[in-house]
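A short worksheet on the structure shown next.
Only heavy atoms go into these numbers, but all of them, side chains included; no hydrogens, no water, no symmetry mates. We count ligands from 1, going down the list as the structure has it; atoms in each ligand are counted the same way.
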Amino acid sequence: METKQLLPTPEGIDEAAHLLQEGQLVAIPTETVYGLAANALDPAAVASIFTAKERPMDNPLIVHIADMDDWAPLVTHIPDNARRLAEAYWPGPLTIILPAAECVPDEVRGGLSTVAVRFPSHPVAQAVILHAGCPLAAPSANRSGAPSPTNATRVTEDMQGRIAAVLDGGESAVGVESTVVDLCHTPPRLLRPGGITPAMLEEVLGTIEIDDAVTHTLKAGAVAASPGMKYKHYAPQARIRLVKGGAKSYVHYVNSHAGEGVVALCFEEELSSLTVPALSYGHRDDPLEQAHRLFDALRQLDEMGAKVVYAAAPCPRGVGLAVYNRLIRAAGFDVINAIRVIGLTGPTGAGKSTVADAWRQAGAAIIDADKAARAVTAPGSPCLAKLEEAFSPAILTPEGTLNRQELARRAFSSPENTALLNSITHPAIIDTMTAWLEAAAEEGHDAAVLDAPLLYEAGADRLCHHIVTVTANADHRLARIMARDGLSEEAARQRMNAQKPDSFYCREGVTILHNNGDESALQQQAAALWQHQDGWWSTE
Ligand code: TXA
Ligand code: MG
């Protein structure tokens, strides 16, 4: 079959419409990506989409309309929230899922009882739909698994000889596929992020739920709410690895992993610092630009002969969530956290908080181990349930929260019980801190400080690239504990005696901050040390 190249003139649109009426396939421009269109009410035409794309039959298609009145015949009914959503964002990059009417062929629904409908804003898409006089089923016009095409050239690369025509309407403005929201579910569920952000949806719908599959790999045996989520997607030939962290940690990571076929998919800001071949997909703080450029960049990577691609992770907020969702799928969920982790520990009263505050001001993310310890024993947490099982329900208050005193009484009654407590809580604390480190990297931090009095005891030293101990003479610490916590000298001494000796904290390779002066002296020491940390980076 010869694939015709059509222009968005009245003749071109007319010819596209005729081909569609005949049951043929035509790739059409939309504001999100190019769509591979067929008459949605013609089962044979729809079936040929799956052949042309080599798409699994159980992955349903979106039905495109160009008039609000054309929605009602496709669904059993339009609830109020659906109508308000459509009024707010149609025409535009939003797909709404509702129970399907009988006229919608099984091929379109992929065997489900629901149908996805979208009213695109691209004038050429609208003109083709109106001229054809039927709704159009249109998945993205790529071969299944490849990045979606955002211009006619990319469509032709994938579809030459497989479809009747490509209608060239220029570059797609948004660049990632539409937001898909399922209104058959309460609360409404976001299945695929796109140009309409979660905040924009919540403005109309109130609270929504973001499907787990948006940012995480499906758990073994779980059923995908959106069948498309279970397939590897948007992937070029090269292996993609998603690198989380700020510009500096990203550049450091990539430059130290240079090698044959290694390419950086980075932000504009990093181009000049990278020593490996690099391709930018936009500015770090511009998710709209990233969305617009991502898919074409993924295709360019293959043209560059990339074998391993280190992709700078976008911040997963607003439209950035859509960019993140596509990239993490292209990477098959292979994520590297490049953030530098500095452990901060030392005995009580030595001045850790002052140091953490100084480093927060210098731009570090502070991960507080005490907060993590409280978070893992929140009501309803798996960790609290395990503690209840191990130490009896007496460790819970009538409200179901943790009674810390009671837990301490039981857990510290014997070394075995203490070990049991730690074996339950420490792995959960490590998991939580690891998740917080990942979030800090997503926010673009280059460095994080793990503020952990029990850094070694909890095994959190293994998360750190470098460790700093803050220590002070006993009389200094005694005075600080008494002043800070309002304790008598005896109580303060008791607390100090319960702690490990200085030698426990001041290990080989650890940087030691001696805090025997006043607070401003410590702040200055901390700031100076922070300036110095580049030295720690290069020693790995
Ligand atoms: O922006 C877009 O939506 C583009 C342009 C061409 O309009 N189209 C597009 O279609 O991205 P496609 O087929 O590549 O993606 C449709 C997604 C798939 O993940 C599919 O599983 C999901 O929507 N989907 C379609 N109908 C569904 C349904 N009834 N229930 C759940 N998910 C559905
Ligand atoms: Mg697609």
Side-chain angles (χ1 to χ4, degrees), residues 25-38 40 46 49-50 52-66 74-75 89-101 104-122 124-126 128-129 135-150 154-155 158 167 169 172-185 188-196 211 213-214 218 223-235 291 295 322 325-326 329-330:
L25 303 183
V26 179
I28 61 168
T30 87
E31 73 278 19
T32 56
V33 299
Y34 273 66
L36 182 54
V46 172
I49 290 179
F50 290 87
K53 272 190 65 110
E54 298 167 31
R55 177 174 171 117
M57 289 299 286
D58 68 347
N59 194 359
L61 305 177
I62 296 171
V63 179
H64 296 68
I65 57 172
L74 300 170
V75 295
Y89 302 120
W90 276 359
L94 174 69
T95 296
I96 299 174
I97 294 177
L98 286 176
V104 181
D106 216 35
E107 288 79 356
V108 171
R109 291 181 278 111
L112 301 175
S113 61
T114 53
V115 62
V117 183
R118 172 161 116 81
F119 183 165
S121 65
H122 198 295
V124 176
Q126 292 181 1
V128 174
I129 299 165
L136 297 181
S140 50
N142 50 285
R143 284 204 207 174
S144 200
S148 299
T150 52
R154 295 304 192 188
V155 176
D158 274 20
L167 181 54
S172 293
V174 179
V176 291
E177 306 85 345
S178 60
T179 301
V180 178
V181 61
D182 181 0
L183 294 185
C184 304
H185 192 267
R189 186 161 58 175
L190 175 68
L191 298 183
R192 182 176 73 182
I196 303 297
D211 193 70
V214 167
L218 267 186
V223 177
S226 179
M229 290 291 188
K230 69 183 176 211
Y231 300 109
K232 180 157 180 175
H233 233 116
Y234 318 114
F295 283 146
N325 165 271
R326 305 312 190 269
R329 291 201 137 57

- Item | Heavy atom of the protein closest to atom 6 (C) of ligand 1 (residue, atom name, distance) |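 Sorting protein heavy atoms by distance from atom 6 (C) of ligand 1 puts Gly35 CA, 3.4 Å first.
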
- Query: Who's the nearest protein heavy-atom neighbour of atom 10 (O) of ligand 1, and how far?
  - Reply: Pro139 CA, 3.4 Å

May I ask you to identify, for [X], whether its side chain, its backbone, both or neither come under 4.0 Å of ligand 1 on a heavy-atom basis?
X: Asn59; result: side chain
X: Ser178; result: both
X: Arg55; result: side chain
X: Arg109; result: neither
X: Ala225; result: backbone

- Query: If you measure from atom 14 (O) of ligand 1 to every heavy atom of Ser140, Gly111, Gly195, Pro60, which option wins on shortest distance?
  - Reply: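 Selected option, by shortest heavy-atom distance: Ser140.
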
- Polar proximity ligand 1 side, Thr32 side, N/O cut 3.5 Å exclusive: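 Yes, at least one N or O pair falls under 3.5 Å.
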
- Item | His64 neighbourhood, listing ligand 1 atoms whose heavy-atom distance to it stays under 4.0 Å |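 Within the 4.0 Å cut-off of His64, ligand 1 contributes 5 (C), 6 (C), 7 (O).
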
- Does Ser140 bring an N, O or S atom to within less than 2.8 Å of the Mg ion (ligand 2)? yes

- The reported gap from CD in Glu31 to OG in Ser178 (rounded to nearest 0.5 angstrom) is 8.0 Å

